[in-house]
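Below, chain A is the first sequence line, B the second, and so on; all start at residue 1.
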Number of protein chains: 2
Amino acid sequence: MSKLPATLTVGELSARSGVAASALRFYEERRLIAAERTTGNQRRYPRHTLRRVAFIRAAQRVGLSLEEISQALANLPENRTPTKADWTRVSRAWTERIDRQIADLEQLKRKLTGCVGCGCLSLRTCALSNPDDEQGAYGSGPAWLPTPEGDRRTGLVAVAAGRAAG
Amino acid sequence: MSKLPATLTVGELSARSGVAASALRFYEERRLIAAERTTGNQRRYPRHTLRRVAFIRAAQRVGLSLEEISQALANLPENRTPTKADWTRVSRAWTERIDRQIADLEQLKRKLTGCVGCGCLSLRTCALSNPDDEQGAYGSGPAWLPTPEGDRRTGLVAVAAGRAAG
DNA sequence: CCTTGACTTCAACCTAACTTGAAGTTTTAG
DNA sequence: CTAAAACTTCAAGTTAGGTTGAAGTCAAGG
């Protein structure tokens, strides 16, 4: 007589994870999670999906895209619960990533202080207004973030604060 | 006999600032910069626009949205070159902002370490997968960044790394 | 004067990560 | 059995910060 149902409906998973049902469907579409179906075609999530969703949200907070999270999940064991070793490995990578972000911000701060000293803010000369020291010609594409972290060449990270004014 | 032309064409401004002409037009549309027009309707930017563009790019690196930059620019003197005092004031605000971002990242890191210790990653219980400790019900809207900085209530910042794979 | 390169506007597209809504189906409580 | 709540799919919209392209106009050199 298990009190825990073997599977969860979207609504239940949503309620327990704090993630909107629409987002869960979106994750499924992107193959980050999967569900069985009832005869009536409704989703039933195995319970370990809860942990998987937690992983996704945590990874997002560290700054990973869903694409990257997808790959990270692929590196974790498919069906068994991740061991402490698995988790340690992942967390080391995440910590490094966070450290890189912090380092970048601190560099930016130093530049900012420097620019106050020199009172500059002149283009090309000023370190602050120049992403890396090379200007222009990012290549094409949307370039929708001001500073490309791009490939992990230099590792300057762009920080975007969302939801301007409610 | 001034060697410096009084105004710049878009092409010139683009070349000297490293910002694409299309972006400059976009900034103009958003009223971050302005241009006079020739009789033939072509843009001619006053030279101080160079500095203004530098300011915009620098502010973006600090993580301000164009909306916020617009307000910051409104706080700066309209037509005179900003004094060192102006610049110091701005830079202090920016530094604080960067510091907040760093603090947030460090908190995230601590949580990450903590989660390794406890091996958890359980929803709601795990600090890492929960943005602030309150879950769900962000309100409506696109919510396209996982963690809302929202109004400056708590100040948790979402870091987004762009341009997944070139 | 004429060609070429630089410029103009405007609309449509791009990314990421979702949300919203319409129209219809399933489950479940009573 | 029925009504309501919960679910289904699918298309279209949202945000920010631009880019791309078409179709046409301006400016400068020869």
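At dT26(C), none of the side-chain N or O atoms of Arg44(A) fall inside 4.0 Å of OP1 or OP2 (strictly under the cut-off). Here Arg57(B) does not reach the OP1 or OP2 of dG17(D): none of its side-chain N or O atoms lies under 4.0 Å away. A close approach under 4.0 Å does occur between a side-chain nitrogen or oxygen of Arg43(A) and OP1 or OP2 of dT8(D).
A donor-acceptor distance shorter than 3.5 angstrom exists from the side chain of Arg52(A) to the backbone of Leu32(A), with no hydrogens or angles considered. Formation of a donor-acceptor pair under 3.5 Å by the Thr95(B) side chain with backbone atoms of Ser91(B) is found in this model. Under a 3.5 Å cut-off, the side chain of Ser14(A) and the backbone N or O of Val10(A) do not form any donor-acceptor pair. Proximity of a side-chain donor or acceptor of Gln71(A) to a complementary backbone N or O of Glu68(A) within less than 3.5 Å is not detected.
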Secondary-structure string, 5' to 3', Watson-Crick or G-U under 3.5 Å, | for another-strand partners, for DNA chain C:
||||||||||||||||||||||||||||||

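Looking at heavy atoms from C-beta onward, Trp94(B) lies out of side-chain contact with Leu108(A) at the 4.5 angstrom threshold.
Straight-line distance from the CD1 atom of Ile56(A) to the C1' atom of dC18(C): 13 Å, rounded to whole Å. Whole-Å rounding puts the Gln60(A) CD to dA17(C) P distance at 7 Å. Look at OH on Tyr45(A): it is 11 Å from C1' on dT8(D), rounded to the nearest Å. Residue Glu12(A) contributes atom CD, which lies 12 Å from atom C1' of dC7(D) at whole-angstrom precision. Residue Glu67(B) contributes atom CD, which lies 8 Å from atom P of dA16(D) at whole-angstrom precision. With rounding to whole Å, Leu64(A) atom CG is found 14 Å from dA16(C) atom P. We find that CG of Leu66(A) is positioned 15 Å from C1' of dT19(C), with the value rounded to whole Å.
Separation of atoms CD (Glu28(A)) and CG (Leu24(A)) is listed at 9.0 Å; rounding is to 0.5 Å.
Considering only side-chain atoms of Val10(B), the nucleotide from dT9(D), dT19(C), dC7(C) that sits closest is dC7(C).
With sequence neighbours excluded, the residues that form a side-chain contact (heavy atoms from CB on, under 4.5 Å) with Arg44(A) are Thr7(A), Thr9(A), Thr38(A), Gln42(A).
Using a 4.0 Å heavy-atom criterion, one finds that Ala20(A) contacts the sugar-phosphate atoms exclusively.
Of the residues in residues 22-40 of chain A, those with a non-hydrogen atom less than 4.0 angstrom from any atom of DNA chain D are Arg25(A), Arg37(A).
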Under the side-chain contact (heavy atoms from CB on, under 4.5 Å) rule, what do Ile102(A) and Leu105(A) come out as? Steps first, then yes or no, please.
CA-CA 5 Å; Ile102(A) 292 175; Leu105(A) 284 172; 5.7 Å; no

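Judged by closest nucleotide on DNA chain D, Gln42(A) is the one of Gln42(A) and Asn41(B) placed further toward the 5' end.
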